Amino acid sequence: MIRIYNTLSQQKEDFQPIQPGKVRMYVCGMTVYDYCHLGHGRVLVAFDVITRYLRHRGYDVHYVRNITDIDDKILRRADENGERFTALTQRMIDAMHEDERRLGVLAPTEEPRATDFVDEIVAMIRVLINKGHAYAADNGDVYFSVDSFKDYGKLSKKRLEDLLAGARVDVEQAKKSPADFALWKAAKPGEVSWPSPWGDGRPGWHIECSAMSSHCLGDTFDIHGGGPDLLFPHHENEIAQSECATGKHFVNVWMHAGAIRVNREKMSKSLGNFFTIREILDKYPPEVVRYFLVSSHYRSQVDYSEDNLVEAGRTLERLYHALRGVLPAKNVPEGEFDRQFHETMDDDFNTAGAMSVLHGVANELNQARRDGDEHRSRELAAVLVRLGGVLGLLQQDPEAFFKAGLSDLTEEQVEALIEARANARKDKNFAEADRIRDELLEKGIILDDSREGTSWRRG
RNA sequence: GGCGCGGUGGCAGAGUGGUUAUGCAGCGGACUGCAACUCCGUGUACGCCGGUUCGAUUCCGACCCGCGCCUCCA
């Protein structure tokens, strides 16, 4: 039985999908006006691991992750760049897909875009108005009336009166209540717009997720996820819109990833302390970045730092080192390690605990190799690759992993130097042998001698 | 101020009412020409103060500290 922490109930719950064997999951994706930073990467990787694990456990997972491609910030950025907003969004979507691919994130089942669902959005707003949950204001905007939904605040545990007490002074005059939020925003002259019963305009921020999730997964589904800063107001507002429009319970399990921090502060656009995925991948191998993300629990806060990434790299090397030169066996049945892995992953996707299991496999694999037990080695290598694969790790050829990113020297040059050193060693000319080893080390190549010969890796 | 989360050994990071997390770094040993890799061994860890208990890092309460949300943000 898989247990998942539900933000709504603030505790772990046994996971029971609505339809046995099938999981319907929606995750809030990107608003595409800039490159993805590591915080986005965290969410991408977290829900990628969750999807992989649920599938590993036999569930048929329908994973929807949206793209919000119309929004104030997009329009402003496109305007600054002097380009059509669609040119900006397409460029960012392409970049996002490239980042995902490099981090080993599998494509979601569906990736709906807000601009493809304006009709559904307008229809949902119309229902909300008809039911008395929304109103068209004089300025052409349509607002959701927070007072009309008695459960407002149930996800974020906020009370409406507290929100109103803290409301800023410069509230939009057209709103009946300061906590009301826009479902539809009237277009200013010259702005891109779609027609609607309330005049030309564009969707407000939250409504697209309500419309798209209903369309792709139905009015009630199993899991809804996203980043920590979406809990309020975005997810709270989604609940209000969806439950008022459909009259049904919206989502069973709400999941939120923890924040990525820099110097103990949340990495965020507004603080400007963010690192984009692509700039991080210029410094560290993609799988090291993924390992870093997966090695702590998805709900905990983690600090992005040079030290942490370097350590992640060393640790990942240890796992690949165990696999190096061993051909994994085929059709190895599940055993004790799989059981341990499932036990910890069943507990709210405890990837940190799962890493401990992987190291246990690596340790036993290294012992088998030391003892020359080839059968056992190949079996354990298969287990390690299988369990690593559930986390999206250890799928590369170890040789490729160790030799990736070679710059100063070609492989042929390295091999030639290794052969020269081997000859020097044969002649007991250890001074020359060490000189060659130091020369290689200076160029970032580390040598590992063994009975079978010398292998090398990038340091 | 309101709401929420967290404080674990040098660092990172799981977990548990009594028994080893794990990794990195360090130390000792084996292996090695020497290293590296690997293996074996090695650490008075659980913010502070009370309470419950035969026994608490693990449950309860107070306190201190940190972080997040309350406004756009994954």
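Order of the sequence lines sets the chain letters (A, B, ...), proteins ahead of strands, with each chain counted from 1. Fair warning: this is a prediction, and the values are worked out from it, not measured in the lab.
A:G258 comes within 4.0 angstrom of a base, heavy atoms only. Heavy atoms of A:Q301 sit under 4.0 angstrom from primed sugar atoms or phosphate atoms, though from no base atom. Contacts of A:D229 with the nucleic acid, taken as non-hydrogen atoms under 4.0 Å apart, include base atoms.
Using a cut-off of 4.0 Å between Lys/Arg side-chain N and Asp/Glu carboxylate O, A:E311 and A:R314 are scored as not salt-bridged. One finds a salt bridge joining A:D346 and A:R57 here, because a Lys/Arg side-chain nitrogen approaches an Asp/Glu carboxylate oxygen to under 4.0 Å.
Judged by distance alone, with hydrogens and angles left aside, A:R437 brings a side-chain donor or acceptor within reach of the base of B:rC34, the pair sitting under 3.5 Å.
For A:D434, the side-chain atoms get nearest to B:rG33 when compared with the rest of B:rC67, B:rG33, B:rG13. Of the candidate nucleotides B:rG15, B:rC24, B:rG33, B:rG15 has the atom lying nearest to any side-chain atom of A:N350. Candidate nucleotides B:rC73, B:rG15, B:rC70 were compared by shortest atom distance to the side chain of A:L163, and B:rC70 ranks first. Comparing B:rC37, B:rC72, B:rC34 by their closest approach to the side chain of A:R457 singles out B:rC37.
One finds the OH atom of A:Y33 at 4.5 Å from the NZ atom of A:K269 (value rounded to the nearest 0.5 Å).
Only the C1' atoms considered, B:rG13 is 22 Å distant from B:rG17, to the nearest whole Å. Using P as the reference atom, B:rC11 and B:rU20 are 23 Å apart when rounded to the nearest Å. With P as the reference atom, B:rG9 and B:rA45 are 10 Å apart, rounded to whole Å. Distance noted for atom P between B:rG50 and B:rC63: 16 Å (whole Å). Nucleotides B:rC70 and B:rA62, compared at atom P, are 27 Å apart to the nearest Å.
Between A:H359 and B:rU22, a side-chain N or O to OP1/OP2 separation shorter than 4.0 Å is absent.
Around atom CD of A:E419, no more than 12 heavy atoms belonging to other residues, nucleotides or ligands sit under 6.0 Å away.
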